[in-house]
Amino acid sequence: MTSRTPTGNPGATAAPGPSRRRSPLLNNPYGLSLREVRAEVRRLSARGWQLWELRRRFAPDRKDRTT
């Protein structure tokens, strides 16, 4: 039997501080909360959207864009 890390105890892979992945989602152009963005991403993923499409729509953080 294998053991699992308890839910309340962060594992060795958890980095201290806020995740850097969340910041582009919080700065989405639609003003959605993080919970709303995640729900929308799940909904669109289920409909077959590609990862690049989701990133372009919800996390437009590219620095080389001219617009």
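Just so we're clear, the structure is a prediction, and the values are computed from it rather than from any experiment. Heavy-atom basis, side chains included; hydrogens, waters and symmetry copies ignored.
Comment: Arg56 does not engage Glu53 in a salt bridge, judged by the lack of any side-chain N to carboxylate O separation of less than 4.0 angstrom.
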>> Using side-chain contact (heavy atoms from CB on, under 4.5 Å), reason through Arg38 and Arg35 one step at a time and then give a plain yes or no.
In response: CA-CA 5 Å; Arg38 285 180 175 172; Arg35 174 181 258 173; 5.9 Å; no

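The structure places CG of Leu25 at 12.5 Å from CD of Glu36, a figure rounded to the nearest 0.5 Å. Interatomic distance, Leu34 CG to Asn28 CG, rounded to the nearest 0.5 Å: 9.0 Å.
Other residues, nucleotides and ligands contribute over 12 non-hydrogen atoms within 6.0 Å of the CZ atom of Arg43.
At least one side-chain heavy atom of Leu44 sits under 4.5 Å from a side-chain heavy atom of Phe58. Using a 4.5 Å heavy-atom cutoff, the side chains of Tyr30 and Arg57 are in contact.
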